[in-house]
Each structure stands twice: as structure tokens, then as C-alpha cells.
Number of protein chains: 2
Amino acid sequence: MSAPPKPSPRYTALLQLLRTADTIWNSSRVFFGRWELSPAQFNLLNLLTDPGDGLTQSELSRELLTHRSNITGLVDRLEARGLVARREETGDRRAWRVVLTAAGHRLMDEVLPHYFRAAERVWEGIPARRAAEVGEALRQVAINTERAAGQLAVEDRP
Amino acid sequence: MSAPPKPSPRYTALLQLLRTADTIWNSSRVFFGRWELSPAQFNLLNLLTDPGDGLTQSELSRELLTHRSNITGLVDRLEARGLVARREETGDRRAWRVVLTAAGHRLMDEVLPHYFRAAERVWEGIPARRAAEVGEALRQVAINTERAAGQLAVEDRP
DNA sequence: TCCATATTGTTGATATGTCAACAATACTCA
DNA sequence: TGAGTATTGTTGACATATCAACAATATGGA
């Protein structure tokens, strides 16, 4: 009878990372439900509130870490609700430029203050300084992960 | 002309958290693709490798932070591939007990060592001690998030 | 110029996820 | 015991996600 092997601190931390992100995502679904938005829809709209005149669908897919083809339906539904519009991209007839409509701007003006307050609350009990350190470590983890993904072909080669 | 407002450290850290989790998830899809598994399928199988005689579908849904109804299809597909089996739950005729088959055990014996190594590599450049601290902070964030979700009805009340 | 190559958005197939509603079964306690 | 309530798994409708394939269009050299 041997004791079960104790998982490594890094493995445990990775599981906690994914678990926490899942918890936040699930909770945000309820949160954004107040405005009949899904988290994915909110994230897309949030990008469009940045100064500038919108983004193409490919740009959106890169920012949202999602596949091009996923943006089509997302924009379709937001457009049907009148929150975004597709404008012709001058100089590239393949592309659309997706922008917030006036209604989209009004909705985001309403949602964003609540969102920022909620973002602060999830770090309650953790000093801003420490949250920043955690963020920095997570940035490194993301970089490591991308590097590993690029090397997958030679994964496990010593 | 005022400068754009600088986002708070906690807001930035929250975005980084979600972004990193997304990056890991996307990378893991490629990783598990070597064994024709999706991340969701791997996570389910991984739970079943724990000692004990399997889990019911409701237990699986709680561990995986996902809806009951999602487990049905997940188990259906894994069962069709012969990696898991549904056994009758003694004492509760509503429930199934999902267990790994011999083939499921063989597959996980093959995958897990690669998975553990990859989990370590993701934290490269970050001392184990520091990874554990990050994990601890993330655990607190998850707790705060759950608390906030429970209070959503009174959200934004001072 | 013209050809090879890349990029953009869409489609259809499919997996993963939610939710509401349902039937079957289990549980509680007056 | 029995009535009301809760839990379990499934289904169907739908949103979100991937991927491969496609047509249209851009782009970069020979």
C-alpha cells in the first residue's frame, strides 16, 4: 500500500487557473444576462468600444482568440439586434468593418460601469499590487503555452 | 483632449486571467488531438482515473463545472469509442455510474505522463513556490466570484 | 502583366455548452 | 403511509466553438 502520489504545485496551480476561469465565465453569463448578452457577445462589443472605427471580422477573431468562422454568427446575431453594423471596408472588398451602432454605444455605456465594478470585486482581499503580480505571472504562462504550441511537432523531444 | 483612462490593475489582471485560460485551452486542443481527444473529453476521463469506482453523471457535471445535460452527449461519445461504460448505480435507479473501461485506462496511462510534463512546462521561468502563490490567489478569486454570483440579485447595492 | 500564394468571410458538419421541460425515481416529514 | 419536493438523466432548441472547403479578392514576385 503506497500513498497516492501528491500532485506537483505547478500542476495544481494549472488546474486552479482553468477552474477559476471557468467559474468567472459561468458567473459572467448570469451577470450579462441582465442585459440579455452572452459573455462572448459582451467581449465582442467591448472591443468595439475602443477608440477607432471598428474592426474587421478577422481582427475580431484574433483579439477574441477564436476562429474566423465563429465571428460570422456572432456578428449576425448582434446585427439582427441592432447593436452592431457591417460597413464596407474601403480598399478591401473581401472584408467587413464591424462598428457599434448608437444603440450599441448606449447599451455599453450602461453595462460597462457595472462590469468594471464587478472586475474589482473579484479581487477582493487581494491588494491591487498583488493582482498585478498574478497577472504578470499569467502573462508568462500564456507566452510559455504559445511557445509550446508552436513546438508541438517536437513535443517530448529531450 | 484628455488622455484615455488607464485601466485598473485588477481589471487588467482579470483580462489576463481569462486570456491565459483561453490560450491554454486552445493549445490543449492541439495537444490532446494527438490522441483524438477534445479537452472536455480528456478532463472527464481524467476524473475517472482517480481511485474509486467511477462517478455518476451529476457528480461529473459538478466536478467539471458544466451542466448535467452536457454530460449526456460527452459520455455517449466516449462510450461509443469504448473508453467509458455506464454501470447501473446500486440503490438509485435514476443514475448511471460512469467508469473507465480497460481501453480507457490504457489510453490514460499513455496520455497522462505527457500531460503532466506539459503542465510543468507551462510554468517555466516561474518558481514552483510562486506558481503555488498564484494558484492560491486564483482560488480566492474563484471564491469571491461565487460569492458575487450568489448575491447577483442585490448586485450594485452599496 | 500574370501566376502563385495568402487572406477574408461564409457555409455545413460536428462538438460543446446552456436552458427549460419531462419522466422516473428518491427523499422528507406531517 | 402519502403528499409534496428534490434529484437524475434525457431531450430539443439554441448559442458558441472548431474545422475543412469554397469563392472572392489581395498581394508579391518573376
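Quick note on labels: first sequence line is chain A, next is B, and so on, each numbered from 1.
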Within the 4.0 Å heavy-atom criterion, would you say [X] contacts the bases, only the backbone, or no part of the nucleic acid?
X	answer
A:Ser38	sugar-phosphate
A:Ser58	sugar-phosphate
A:Arg62	sugar-phosphate
A:Ser69	base

ask   = For B:His67 and A:Ile71, take the nucleotide of DNA chain C holding the closest heavy atom to each; which residue's nucleotide lies nearer the 5' end?
value = A:Ile71
query = Is the closest side-chain donor-acceptor distance between B:Gln57 and B:Arg86 under 3.5 Å?
reply = yes
task = Would you please say whether a donor-acceptor pair under 3.5 Å links the side chains of B:Ser27 and A:Glu146?
result = no
Between [X] and [Y] (side chain of the first, backbone of the second, donor and acceptor by atom type, cut-off under 3.5 Å), is there such a pair?
X	Y	result
A:Thr20	A:Leu17	no
B:Glu59	B:Thr56	yes
A:Arg97	A:Asp53	yes
A:Thr101	A:Leu83	yes

Tell me the interatomic distance from [X], atom [atom1], to [N], atom [atom2], rounded to whole angstroms.
X	N	atom1	atom2	result
B:Asp76	D:dT10	CG	P	7 Å
A:Leu60	D:dA17	CG	C1'	16 Å
B:Glu79	D:dT10	CD	P	9 Å
B:Leu74	C:dT14	CG	C1'	14 Å
B:Asn43	C:dA15	CG	P	18 Å
B:Leu37	C:dA15	CG	P	13 Å
B:Leu65	C:dT16	CG	P	17 Å
B:Asn70	C:dT16	CG	P	8 Å

Nearest to the side chain of [X], which nucleotide is it out of [options]?
X	options	value
B:Gln57	D:dA17, D:dT10, C:dC19	D:dT10
B:Gln41	C:dT16, D:dG9, C:dT10	C:dT16
B:Arg29	D:dG9, C:dT8, D:dC19	D:dC19

inquiry  = Strictly below 4.0 Å, N to O, side chains only: are B:Arg129 and B:Glu133 in salt-bridge contact?
reply    = yes
query = Quick one: is the NZ or CZ of A:Arg34 closer than 6.0 Å to the six-membered ring centre of A:Phe31, and within 45° of its axis?
reply = yes
query = At what distance, to the nearest 0.5 angstrom, does CZ of A:Arg81 lie from CG of A:Leu37?
reply = 5.0 Å
query = Between B:Tyr115 and A:Tyr11, what is the ring plane arrangement, given parallel below 30°, perpendicular above 60°, and tilted in between?
reply = perpendicular
message = Could you work out how much the helix from C:dT1-D:dA30 to C:dA30-D:dT1 bends, comparing the axis of its first five pairs with that of its last five, to 10°?
response = 30°
request  = Look at the side-chain N and O atoms of B:Arg77 and state whether any lies under 4.0 Å from the OP1 or OP2 oxygen of C:dT14.
outcome  = no
query = Heavy-atom contacts under 4.0 Å between residues 83-101 of chain B and DNA chain C, which residues?
reply = B:Gly91, B:Asp92, B:Arg93, B:Arg94
